[in-house]
Amino acid sequence: MTTATHEETLGFQTEVKQLLHLMIHSLYSNREIFLRELISNGADACDKLRYAALDNDALYEGDSELRIEIEHDAEAGTVTVRDNGIGMSRDEVVSNLGTIARSGTADFLKQLSGEQQKDARLIGQFGVGFYSGFIVADEIRVRTRKAGSAEGVEWRSRGEGEFTVADIDRELHGTEIVLHLKEDAKEFADDFRLQSLVRKYSDHIEVPVRMPKVESARDDEGNAIEGSEITTWETVNEATALWSRPKGEISDEEYQAFYKHVAHDFSDPLTWSHNKVEGKLEYTSLLYVPGRAPFDLYERDGARGVKLYVQRVFIMDDAEQFLPLYLRFIKGVLDTRDLSLNVSRELLQQDPKVEKIRSALTKRALDMLKKLAKDKAAYQTFWNTFGSVLKEGPAEDFANREKIAGLLRFSTTHTDSATQDQSLADYVERMQEGQQKIYYIVADSFNAAKSSPHLEIFRKKGIEVLLLNDRVDEWLMSHLNEYDGKALVDVAKGELDLGDIEDEEEKQAQEETAKSKEDLVKRVKEALGDQVQEVKVTHRLTDSPACVVLPEHEMGFQMRRIMEAAGQPMPEVKPILELNPVHALVAKLEGVEGEAFGDLAHVLLDQAIIAEGGHLDDPAAYVKRLNALLMA
Ligand code: ADP
Ligand code: MG
């Protein structure tokens with residue numbers, strides 16, 4: 001370490017080492033993205049300087065023409081990306097280019113299996129950023145100086161676990177990144193290649209990206225005169241903010257490329273919605289639905305929200321106030337004239353205009369999804385990826401409940417398939433004559449839902465039931481009381497009322513059976529004591545001897561188990577035991593006396609609880625009773 005340059009060598013944070021390793025091995029076929037990432041960082045740096053200079057013009061240091069420059073040297077095998085943006089201080093260099101700030105990173109990396117590590121798309125979820133330079137370079141040198149400060153810094157590393165920082169003199173503010181290309185990546189030190197990559201990835205960013213153009217004077221025969229070369233800088237990208245251009249002029253490819261820039265994603269978005277609003281509110285929004293989930297979708301502090309601009313000046317990434325939590329998968333840009341340039345996250349929380357824009361963007365996003373739903377295959381991809389996030393909607397956003405309900409997809413007994421691809425509208429269309437309600441069941445797994453005894457009568461009568469088994473489903477249904485004017489009813493709760501689907505004759509017959517079993521019901525209740533709230537005869541069942549039912553307003557079994565797992569003590573709830581009067585076991589029960597009666601009654605109750613996915617208080621007692629009966 002020489003004190004003059006204050007040089008020191010530091011180790012990368014463990015996560016960085018892991019990321020570097022994964023990236024170099026898995027992104028091999030996507031190597032060119034390094035340029036997009038470096039330009040994107042340069043553009044961010046220019047945005048940040050412009051924002052900081054609003055208060056302090058001097059930060060431009062007399063050079064307010066923000067730009068990115070790309071140069072190469074084929075002989076030396078280098079590519080240089082330079083910006084005159086905000087630059088970095090020494091401390092910033094050490095923390096920005098030595099660690100990964102995003103929380104949850106370590107966990108995500110740890111979770112990846114060997115196979116997954118080779119999957120470029122998984123790494124892509126992550127936003128590879130600056131470190132992607134090491135896919136093509138075996139050494140990177142960064143020279144930077146923070147605008148307004150006198151101290152320049154050089155950072156260099158071979159991407160192998162450590163990096164070195166030193167103080168340097170640097171005239172220009174901003175950052176210069178020199179990639180020393182690997183032997184097999186020299187192809188990138190090429191004018192044509194670089195130009196086409198800039199156009200492919202960075203056309204839409206507002207900062208001009210320039211490349212040197214060498215021109216020579218010509219002699220009479222048109223040959224270049226040696227020694228007469230002059231270099232001019234040529235802007236190679238379009239250099240207007242994509243969202244500020246009229247819709248009709250923007251191609252799908254441009255929208256897609258811009259998405260990749262905003263979302264740091266490799267793959268194309270499923271759809272987008274670009275809107276310019278003038279009037280009381282003035283804003284332009286460009287919202288995208290990604291094709292896949294980021295790794296931190298379910299992390300409490302995962303990155304979400306839109307990129308916020310005010311009058312084209314970049315203000316912040318991940319402005320989360322403009323979309324509700326249940327739409328946190330939406331990516332995009334919001335540019336508005338309604339906020340002031342010095343708006344902060346704190347101020348956003350108080351500004352009533354933010355609420356108005358939020359409600360407008362929410363509506364846009366929901367409309368965009370509705371449109372996407374017309375394309376069944378694309379919507380299915382969306383649903384499989386983000387469906388369980390959207391299911392948080394009805395609880396969070398009461399006003400848009402009906403709209404969100406229309407976007408939900410379910411498994412149902414109509415297909416008996418685990419694929420959630422049926423809408424409530426599909427269900428309503430298939431409703432039977434006289435059917436007034438939408439029926440559903442919630443269980444812990446798809447199979448448990450599909451084979452629940454509660455469905456027997458519905459299957460017999462051909463009435464469709466929604467099969468729910470996601471963790472959020474009971475929560476969802478407790479906030480979704482009706483759709484299209486039809487009540488949503490849990491078939492495992494309360495009285496079974498099939499309304500007009502049953503005729504008078506059936507009802508009469510049921511009442512008569514109930515009467516004839518009054519004595520049996522009384523005996524079973526006595527045998528089970530306070531283990532059950534009530535015993536009844538039911539006509540829900542065709543194949544099973546018994547089932548347990550919860551009172552109508554009681555929290556369901558699924559939610560109880562989730563709450564209990566979260567350490568929340570739950571008051572005990574006693575189920576109602578319902579017996580199938582035409583089942584052979586129930587008929588047998590009627591003829592049994594004494595201890596055997598008690599055993600059989602308990603076994604019926606325990607079996608009904610098991611069929612519901614519940615846990616027995618005393619499983620050993622159940623086994624003992626069952627064995628006694630088997631041996632009798
Ligand atoms: P991200 O851009 O998603 O934050 P990166 O890995 O691309 O992640 O960059 C890490 C950080 O390094 C950036 O957030 C920024 O603070 C800093 N940085 C990278 N490149 C530049 C640059 N050209 N100018 C200023 N800061 C930069
Ligand atoms: Mg970046």
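All residue numbers in this chain count up from 1 along the given sequence. Remember, it's 1-based here, ligands and their atoms both numbered in the order they're listed.
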**Asked** Should D47 and R50 count as an ion pair when the cut-off is N to O under 4.0 Å?
**Response** yes
**Mutual orientation of the aromatic rings belonging to Y255 and Y288 [parallel < 30°, tilted 30-60°, perpendicular > 60°]** = perpendicular
**Item:** Closest to atom 21 (C) of ligand 1 among H264, E176, M88, K48 (heavy-atom distance)
**Value:** M88
**Asked** Can you tell me if E37 has a non-hydrogen atom under 4.0 Å from ligand 1?
**Response** no
**Polar side chain donor-acceptor pair, S388 to Y298, under 3.5 angstrom** = yes
**Item:** Stepwise side-chain contact (heavy atoms from CB on, under 4.5 Å) check, H72 with L181
**Value:** CA-CA 10 Å; H72 72 279; L181 298 172; over 6 Å; no
**Asked** Quick one: which ligand 1 atoms are inside 4.0 Å of a heavy atom on A45?
**Response** 24 (N), 25 (C)
**Asked** So, is Y131 polar-close to ligand 1, with some N/O to N/O distance under 3.5 Å?
**Response** no
**Asked** Is the centre of the Y51 ring less than 6.0 Å from the centre of the F314 ring?
**Response** no
**Complete:** The salt bridge (charged side-chain N to carboxylate O under 4.0 Å, His left out) partner of E71 among R210, K213, R82 is R82
**Asked** Less than 6.0 Å separating the ring centroids of W272 and F258?
**Response** no
**Asked** Is R170 salt-bridged to E154, cutoff N-O under 4.0 Å?
**Response** no
**Item:** Evaluation steps, salt bridge (charged side-chain N to carboxylate O under 4.0 Å, His left out), between D44 and K307
**Value:** CA-CA 11 Å; D44 289 350; K307 232 174 149 86; 3.7 Å; yes
**Asked** Can you find an N or O of I177 that's nearer than 3.5 Å to an N or O of ligand 1?
**Response** no
**Numbered atoms of ligand 1 (with element) below 4.0 Å of G129, judged on heavy atoms** = 5 (P), 6 (O), 7 (O)
**Request:** Keeping waters out of it, list the protein N, O or S atoms under 2.8 Å from the Mg ion (ligand 2).
**Result:** N41 OD1
**Request:** With atom 12 (O) of ligand 1 as the reference point, say which of T175, N96, T99 has the nearest heavy atom.
**Result:** N96
**Asked** Which bit of I100 is near ligand 1, meaning a heavy atom under 4.0 Å away: side chain, backbone, both or neither?
**Response** neither
**Prompt:** Does a side-chain N-to-carboxylate-O contact under 4.0 Å join R292 and D265?
**Reply:** yes
